Amino acid sequence: MTDGTGDARLLYKINEPGVVAQVVEGEALLIAFETGKYYSSADAGGLIIEAIQQGASLTRIVAAFSKGGSSAEAIESGVAAFVEQLVMERLIVPGEAQPSSDWAPTSTLTFRTPVLHTYTDLEDLLVLDPIHDVDAAGWPVARVPA
Amino acid sequence: MNSEAAAARLEPTTGPAFLAKLSERFERALERRPSHRLFLELAGRSLALEFAGPALTDVLTDYLAGGSAAHDPAALAINIWDSESTDVDPPPPPCHALVSRGFSSELGGQLKLAFSAASSTLQAHGPEVDRAHYWVRSPLAVPSWEVAQPFRTLLGWWAESIGAVLTHAAVVGGPDRAILFAGASGAGKSTSALACLVAGMRLLSDDSALLELEDGHPVAHALYRTAKVDRQQLQSRLPSLKGFETALAHDRGKAILAFPRQGGALLRKARITAIVTQGLAIDGKSRVLPESKARTLRVLAPSTLLQSAGNGQKALRLLAEIVQRVPCYRLQAGHDLTDLAKRLAELVS
């Protein structure tokens, strides 16, 4: 769970299969099946999520942003805060594999604080049984209101 | 007995073991009621339905889009029975998730199960991609939305296993050029699609279409010949379609329409040449404007995936590929449906 520097906080992965993620035109879309929420993040946020998907460590991600001319302190704190938000939402979890050295951004980005947008309008679509009793065989039956 | 107590008494069962018990129960049902087999064409493939007795035949096939198909080999075979007419129940639930949540794909990964307490239906797919089971306690318990769109959960799992995705979308147009409407329930996809039907386009779906890539291009297949529309919208804005209303009762008060398989209104298959996200026009005038692919995916994917128990990364990746291969637009839907259809017709002309 480290990136070779010994820091266990620096490697993450998408929390599959409960969460799925896809990046299109630099904007990341994440869908969480347990909660029915979905999320999006563009620009720096999309790049960070794409990099995590491809196995890049946070060290590598921060280094990529540093080439854009922003202050190291701003980048590190911004990336750390965003990652913490992704962890709090259970969208990413600590990674287990070795970090990938293949990922590289396709362009130099000026770092701006990443924003995670949360959407809750589809929460009621979740496939969840209502509160129920069970029959003699053990299969649920819908509870009839008294 | 409550579900927690029942779950505590479960004997752990593997996926293959549960499937073997399920198959054995179906064979027992066939001993009680004679087998009735139908072969239907669906998404360009053959679907084989084997019923234990006739009780569910019409209930579960009337509104499928496909007509008769050639026999074996079937791309998907579904074994179907009910307890009321066969007196055969399914085996006990195999895991806690099914008792408490109604859905599980925990049993060895390739076997997917879904159970609805409200309608007492059990659906199972896998581990072979061409095998599925469907059980219901009583034909009378099949809810109207399941009658209008039968086997939707099973077909969604089967779609992903063959590299396709059952998408929450409306599709209208012609065989070579068709529009896919994306949007959450209530956004107006059905109304827009039906307005296009009235204007002379053909309807492939109002709600559920099977999408795949064919020679690198997105193609949609019809699954059902039904459409849902708000009853007031039908009366006031789409009166020419009132004759297609069925007797099925929708739980949210919508009218369920059914279109004949023959007759020209329906499309079985279409090449998608535009994706349109649905919105409302503030000034009441319809417009079709360019839309980003990222936002289009954000509208299309969540409502598709969150309604399908167990489909995930493969389906999302396919939707992303599809979105990136066709032009995307957003519709600001105005009051005048004739004008709305005319604007959309320009996308397929």
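Proteins come first, then strands; the chains are lettered A, B, ... in the order of their sequence lines, and each starts at number 1. Worth saying up front: this structure is predicted, and the values here are computed from it rather than measured.
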**Q.** Engaged part of B/S292 at the chain A interface, taking heavy atoms whose separation is under 4.5 Å
**A.** both
Q) Using non-hydrogen atoms only, which part of B/P91 is less than 4.5 Å away from chain A: side chain, backbone, both, or neither? A) backbone
Q: Kindly check if the number of other-residue, nucleotide or ligand heavy atoms within 6.0 Å of CZ (A/R90) is above 12?
A: no
Q. More than 12 heavy atoms of other residues, nucleotides or ligands under 6.0 Å from CG of B/D89: is that the case?
A. yes
**Q.** Closest-packed option against chain A by number of heavy-atom pairs under 4.5 Å, given B/Q324, B/R295, B/R317, B/R298
**A.** B/R298
Q | Nearest atoms (heavy-atom pairs only) where A/E25 meets B/A294 | A | OE1-N, 3.2 Å
Q) At their closest point, which heavy atom of A/A32 faces which heavy atom of B/L306, and how far apart are they? A) O-CD2, 4.1 Å
Q | Option that, when pairs with chain B are counted at under 4.5 Å, heavy atom only, ranks first among A/S40, A/A21, A/G26 | A | A/A21
**Q.** Flag if over 12 foreign heavy atoms under 6.0 Å of CZ, A/R112
**A.** no
Q. At what distance, to the nearest 0.5 angstrom, does CG of A/L29 lie from OG1 of B/T296?
A. 11.5 Å
**Q.** Considering all heavy atoms, the nearest A/Q22-B/Q313 contact
**A.** OE1-NE2, 3.4 Å
Q: Work out which heavy atom in A/Y38 is nearest to a heavy atom in B/P302; give both atom names and the distance.
A: CD1-CG, 3.5 Å
Q) When you look at CD of B/E321, are more than 12 heavy atoms from neighbouring residues, nucleotides or ligands closer to it than 6.0 Å? A) yes
